[in-house]
**Student:** 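What follows is a single structure, and I will ask about it in a moment.
Owing to the predicted nature of the structure, the values given are computational and were not obtained by experimental measurement.
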Amino acid sequence: MAELLLTLVNPVEGRDDEFRAWYWETHVPEVLALPGFVSARPVRLAEEPGGAAPFRYATIYEIEGSAADARNLMFTAGLGMSDSMDLSAMIVAPYAAPEVA
C-alpha cells in the first residue's frame, strides 16, 4: 500500500484568493512532478478554522515509496514559494498504513 503525506497550511490573512490560485495551480503541480509523488487531493476546511481545526487547507499526497523521504525531497527540491502562504505554522507529516496482525 502507498504511503501518504499530509500537508496542513494557511494563507496569509486577507490573501486567500491569491494563495488558492498559487497553491492549486502552481505548487501542487510542481510537487506532483517530483519523483515518488503519485497523486494529490487538496481540500479546504468547510467552516472557519478554530479550536481543533486551526488550518484552512490540507493536501493528501499519495506517495510511492517512503513518505518521509518524499517530505524531505519536497523541502530540498527548490520549489517556488509564494508570500501568500503563512509560513509561521504548517504541518507536513508522513503517514503509512498500520501493519495488520
Side-chain angles (χ1 to χ4, degrees):
M1 173 176 236
E3 293 192 12
L4 301 175
L5 187 64
L6 173 67
T7 64
L8 301 169
V9 296
N10 280 321
V12 169
E13 191 64 38
R15 297 179 68 186
D16 201 75
D17 290 341
E18 180 184 350
F19 168 80
R20 280 195 321 266
W22 166 77
Y23 193 74
W24 288 323
E25 295 170 18
T26 302
H27 182 68
V28 170
E30 285 180 343
V31 172
L32 286 174
L34 296 174
F37 285 82
V38 175
S39 66
R41 179 163 183 177
V43 294
R44 67 173 175 76
L45 192 63
E47 301 174 356
E48 282 301 308
F55 294 97
R56 288 187 225 158
Y57 296 96
T59 304
I60 303 163
Y61 293 99
E62 182 181 352
I63 305 298
E64 182 178 89
S66 164
D69 289 347
R71 176 197 55 206
N72 295 339
L73 177 59
M74 182 189 290
F75 284 117
T76 60
L79 299 175
M81 291 300 294
S82 171
D83 61 2
S84 65
M85 185 166 78
D86 182 357
L87 296 176
S88 68
M90 74 169 134
I91 294 173
V92 181
Y95 286 84
E99 292 185 26
V100 178

**Student:** What are the two closest heavy atoms between A40 and V28, and how far apart are they?
**Tutor:** CB-CG1, 3.7 Å
**Student:** Which residues satisfy the side chain to side chain donor-acceptor pair (under 3.5 Å) test with E18, sequence neighbours excluded?
**Tutor:**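 For E18 the side chain to side chain donor-acceptor pair (under 3.5 Å) partners, ignoring immediate neighbours, are R15.
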**Student:** Kindly indicate, with the supporting measurements, whether the criterion side-chain contact (heavy atoms from CB on, under 4.5 Å) is fulfilled by D83 and V12.
**Tutor:** CA-CA 8 Å; D83 61 2; V12 169; over 6 Å; no
**Student:** Once you round to the nearest 0.5 Å, how far does CZ of R56 lie from CZ of F19?
**Tutor:**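 Rounded to the nearest 0.5 Å, the CZ-CZ separation comes out at 9.5 Å.
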**Student:** Take T7 and M90, measure what side-chain contact (heavy atoms from CB on, under 4.5 Å) needs, and give me the verdict at the end.
**Tutor:** CA-CA 7 Å; T7 64; M90 74 169 134; over 6 Å; no
**Student:** Examine L73 and V38 and state if one hydrophobic cluster contains both, with Ile, Leu, Val, Met, Phe, Trp and Tyr joined whenever side-chain heavy atoms are less than 4.5 Å apart.
**Tutor:**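 Not linked; separate clusters.
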**Student:** Do Y61 and V43 sit in the same hydrophobic cluster, where Ile, Leu, Val, Met, Phe, Trp and Tyr count as joined when their side-chain heavy atoms come under 4.5 Å apart?
**Tutor:**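 No; tracing contacts between hydrophobic side chains, which count when under 4.5 Å, never links both residues.
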**Student:** Might you point out which heavy atoms bring P94 and R71 nearest each other, and give the distance in Å?
**Tutor:**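 So the two residues come closest at CD-NH1, 3.3 Å.
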**Student:** Give a yes or no on whether the backbone of A89 and the side-chain of N10 come within a donor-acceptor separation of less than 3.5 Å.
**Tutor:** no
**Student:** So, for E62 and L4, which heavy atoms are closest and what is the spacing to 0.1 Å?
**Tutor:** CA-CD2, 3.9 Å
**Student:** List the residues meeting side chain to side chain donor-acceptor pair (under 3.5 Å) with N72, not counting sequence neighbours, and say none if there are none.
**Tutor:** none
**Student:** Could you go through the side-chain contact (heavy atoms from CB on, under 4.5 Å) check for T59 and H27 one step at a time?
**Tutor:** CA-CA 11 Å; T59 304; H27 182 68; over 6 Å; no
**Student:** How long is the gap from CZ on R41 to CD1 on I60, to the nearest 0.5 Å?
**Tutor:**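 Rounded to the nearest 0.5 Å, the CZ-CD1 separation comes out at 7.0 Å.
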**Student:** Is there a side-chain contact (heavy atoms from CB on, under 4.5 Å) between L5 and Y95? Walk through the geometry before answering.
**Tutor:** CA-CA 6 Å; L5 187 64; Y95 286 84; over 6 Å; no
**Student:** Please give me the minimum heavy-atom distance between D86 and P11, naming the atom from each residue.
**Tutor:** CB-O, 3.8 Å
**Student:** Can you name the nearest heavy-atom pair linking R20 to Y57, along with the distance?
**Tutor:** CD-OH, 3.3 Å
**Student:** Please report the shortest heavy-atom distance between E30 and G80, naming the atom on each side.
**Tutor:** OE1-N, 3.5 Å
